[in-house]
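Shown next, in structure tokens, is the structure this report addresses.
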Protein chains: 2
Amino acid sequence: MSTEITVTDETMETTFQKYEKKFKALADKKRLEIMNLICQRSSLCVCDLSELIDMPQSKLSYHLKILLDAELLIKETRGTWSYYQLNEKEVNHLLSEELCCLFRPS
Amino acid sequence: MSTEITVTDETMETTFQKYEKKFKALADKKRLEIMNLICQRSSLCVCDLSELIDMPQSKLSYHLKILLDAELLIKETRGTWSYYQLNEKEVNHLLSEELCCLFRPS
DNA sequence: ACATTAAATCAAAAAAAATTGATTTATTAA
DNA sequence: TTAATAAATCAATTTTTTTTGATTTAATGT
């Protein structure tokens with residue numbers, strides 16, 4: 001019967017789509033730099049990060065949104081400030097231990 | 001002195017660029033499917049793969065080149081045939097153990 | 001209430017990546 | 001030598017992503 005095969009195919013399709021989104025988020029050296037900087041501190045707000053990597057705010061927000069939508073970052077809003085930190089679980093699930101120094105938390 | 005800092009920055013820049021290329025190669029669900037299919041067999045030629053994923057040859061060659069340039073695949077030419085297989089070392093270095101079933105060799 | 005700051009969003013333009021079908025190169029087989 | 005097949009490459013088009021500067025929303029301090 002084709003039912004099971006179809007279901008399995010859809011699951012794979014969905015799986016590939018999920019990883020496509022995550023890898024797409026990592027497929028930019030500026031975003032990797034962002035991940036690396038956030039990884040080093042426990043969390044960072046947009047305006048501090050904007051100075052650290054010398055990037056205009058709107059551009060930075062654009063890139064942060066991509067990482068956030070891919071669930072590689074977590075956002076916590078306090079007042080007018082937005083603090084971003086690594087989504088450790090997701091990053092650990094995705095990347096090798098060899099990449100820990102760069103993008104993975106301890 | 002700024003010398004050391006500059007050297008370190010250039011190294012990081014190069015590192016991010018390297019990973020950007022690799023993640024960009026993985027940032028496409030068709031290419032993930034290709035990786036997955038090649039992972040399942042030990043190696044595959046273009047024409048067989050073309051039928052397996054129902055993709056025209058020129059398009060497939062384009063995607064294979066991207067994976068090859070990112071050093072995620074290895075190509076071996078025998079006569080008119082090109083056989084592609086996983087670059088296990090690179091893939092293992094990059095991806096987590098959790099992704100082994102999909103894209104990592106045993 | 002008003003001015004200021006943080007951050008997200010928007011629309012237009014620019015840049016990069018993917019698709020398409022045709023062509024080229026090289027090997028094999030008749 | 002000729003025909004057939006495998007695979008890479010090319011150029012033109014289409015699609016997607018990124019950049020930019022302006023605008024909006026919301027919270028804070030005076």
Side-chain angles (χ1 to χ4, degrees), chain A residues 13 16-35 37-38 41-87, chain B residues 13 16-35 37-38 41-87:
Chain A
E13 171 74 17
F16 291 139
Q17 217 152 303
K18 188 182 79 179
Y19 287 118
E20 175 186 70
K21 189 169 187 176
K22 287 178 197 296
F23 288 130
K24 205 165 264 181
L26 292 172
D28 179 284
K29 66 178 196 261
K30 277 291 167 192
R31 290 197 291 267
L32 291 176
E33 199 184 335
I34 291 169
M35 291 289 286
L37 285 167
I38 290 177
R41 358 247 137 171
S42 55
S43 90
L44 262 173
C45 68
V46 179
C47 57
D48 286 352
L49 190 52
S50 179
E51 289 204 355
L52 268 172
I53 58 167
D54 187 36
M55 185 184 276
Q57 179 268 319
S58 75
K59 191 171 169 178
L60 179 56
S61 281
Y62 166 78
H63 286 295
L64 284 170
K65 190 174 178 357
I66 286 171
L67 290 165
L68 191 69
D69 288 349
E71 297 178 290
L72 297 173
L73 292 180
I74 293 167
K75 179 168 75 165
E76 196 191 332
T77 303
R78 287 203 288 277
T80 3
W81 282 267
S82 289
Y83 293 91
Y84 286 85
Q85 60 182 105
L86 276 208
N87 185 342
Chain B
E13 172 74 17
F16 291 140
Q17 217 152 304
K18 187 182 81 179
Y19 287 118
E20 175 187 68
K21 189 168 188 177
K22 287 179 196 296
F23 288 130
K24 206 166 265 181
L26 292 172
D28 178 284
K29 65 178 196 262
K30 277 291 167 190
R31 290 197 290 268
L32 291 176
E33 199 185 336
I34 290 169
M35 291 289 284
L37 284 168
I38 291 178
R41 357 247 137 172
S42 55
S43 91
L44 261 173
C45 69
V46 180
C47 57
D48 286 353
L49 190 52
S50 180
E51 288 204 355
L52 268 171
I53 59 167
D54 189 36
M55 184 184 275
Q57 178 267 319
S58 76
K59 191 170 168 179
L60 179 54
S61 282
Y62 167 77
H63 286 296
L64 285 169
K65 189 173 177 1
I66 287 171
L67 290 165
L68 191 69
D69 287 349
E71 296 178 290
L72 298 172
L73 291 181
I74 293 168
K75 178 168 75 165
E76 195 192 334
T77 303
R78 287 203 288 276
T80 3
W81 283 266
S82 289
Y83 293 90
Y84 286 84
Q85 60 182 105
L86 275 207
N87 185 341

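Distance A:Leu60 CG to D:dT20 P: 13 Å, rounded to the nearest Å. Following rounding to the nearest Å, B:Leu49 (CG) and D:dA6 (C1') show an atom-to-atom distance of 13 Å. Here C:dA18 presents its P atom at 14 Å from CD1 of B:Ile53, a figure rounded to the nearest Å. Going from atom CG of B:Leu73 over to atom P of D:dA8 covers 12 Å, rounded to whole Å. A:Leu44 places its CG atom 15 Å from the C1' atom of C:dA7, with the value rounded to the nearest Å. Atom CG in B:Leu68 sits roughly 15 Å away from atom C1' in D:dT9 (whole-Å rounding). The separation between A:Glu51 atom CD and C:dT5 atom C1' is 13 Å, rounded to whole Å. Atom CG in B:Leu64 sits roughly 11 Å away from atom C1' in D:dA8 (whole-Å rounding).
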Hey, can you pull the donor-acceptor pairs under 3.5 Å for the side chains in residues 24-35 of chain B, sequence neighbours left out?
{"from": "B:Asp28", "atom 1": "OD1", "to": "B:Lys30", "atom 2": "N", "distance (Å)": "2.8"}
{"from": "B:Asp28", "atom 1": "OD1", "to": "B:Arg31", "atom 2": "N", "distance (Å)": "3.0"}
{"from": "B:Lys30", "atom 1": "NZ", "to": "B:Glu33", "atom 2": "OE1", "distance (Å)": "3.4"}
{"from": "B:Arg31", "atom 1": "NE", "to": "B:Ala25", "atom 2": "O", "distance (Å)": "2.7"}
{"from": "B:Arg31", "atom 1": "NH1", "to": "B:His63", "atom 2": "ND1", "distance (Å)": "3.0"}
{"from": "B:Arg31", "atom 1": "NH2", "to": "B:Lys24", "atom 2": "O", "distance (Å)": "3.0"}

Would you mind writing out the side-chain donor-acceptor pairs for residues 42-60 of chain B within the sub-3.5 Å range, not counting sequence neighbours?
{"from": "B:Ser50", "atom 1": "OG", "to": "B:Met55", "atom 2": "O", "distance (Å)": "2.6"}
{"from": "B:Gln57", "atom 1": "NE2", "to": "B:Ser61", "atom 2": "OG", "distance (Å)": "3.1"}

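A donor N or O paired with an acceptor N or O is found under 3.5 Å between the base of D:dA8 and the side-chain atoms of B:Gln57.
Applying the salt bridge (Lys or Arg N to Asp or Glu O under 4.0 Å) test to residues at least two apart or on different chains, the pairs with a partner in residues 71-81 of chain A are A:Lys22-A:Glu71, A:Glu76-A:Arg78.
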Output one line per pair: protein atom, nucleotide atom from nucleotides 15-19 of chain D, and distance, for all N/O pairs under 3.5 Å.
{"from": "D:dT17", "atom 1": "OP1", "to": "A:Lys24", "atom 2": "NZ", "distance (Å)": "3.0"}
{"from": "D:dT18", "atom 1": "OP1", "to": "A:Arg31", "atom 2": "NH1", "distance (Å)": "3.3"}
{"from": "D:dT18", "atom 1": "OP1", "to": "A:Arg31", "atom 2": "NH2", "distance (Å)": "3.2"}
{"from": "D:dT18", "atom 1": "OP2", "to": "A:Tyr62", "atom 2": "OH", "distance (Å)": "2.6"}
{"from": "D:dT19", "atom 1": "OP2", "to": "A:His63", "atom 2": "NE2", "distance (Å)": "2.6"}

All N/O contacts under 3.5 Å from nucleotides 12-15 of chain C to the protein, with atom names and distances to one decimal?
none

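A 4.5 Å side-chain heavy-atom check between B:Leu73 and B:Leu86 finds at least one atom pair inside the cut-off.
Listed in residue order, the members of residues 77-84 of chain B having a heavy atom less than 4.0 Å from DNA chain C are B:Gly79, B:Thr80.
One distance of note links CG of B:Asn87 with CD1 of B:Ile74; it measures 4.0 Å at 0.5 Å rounding.
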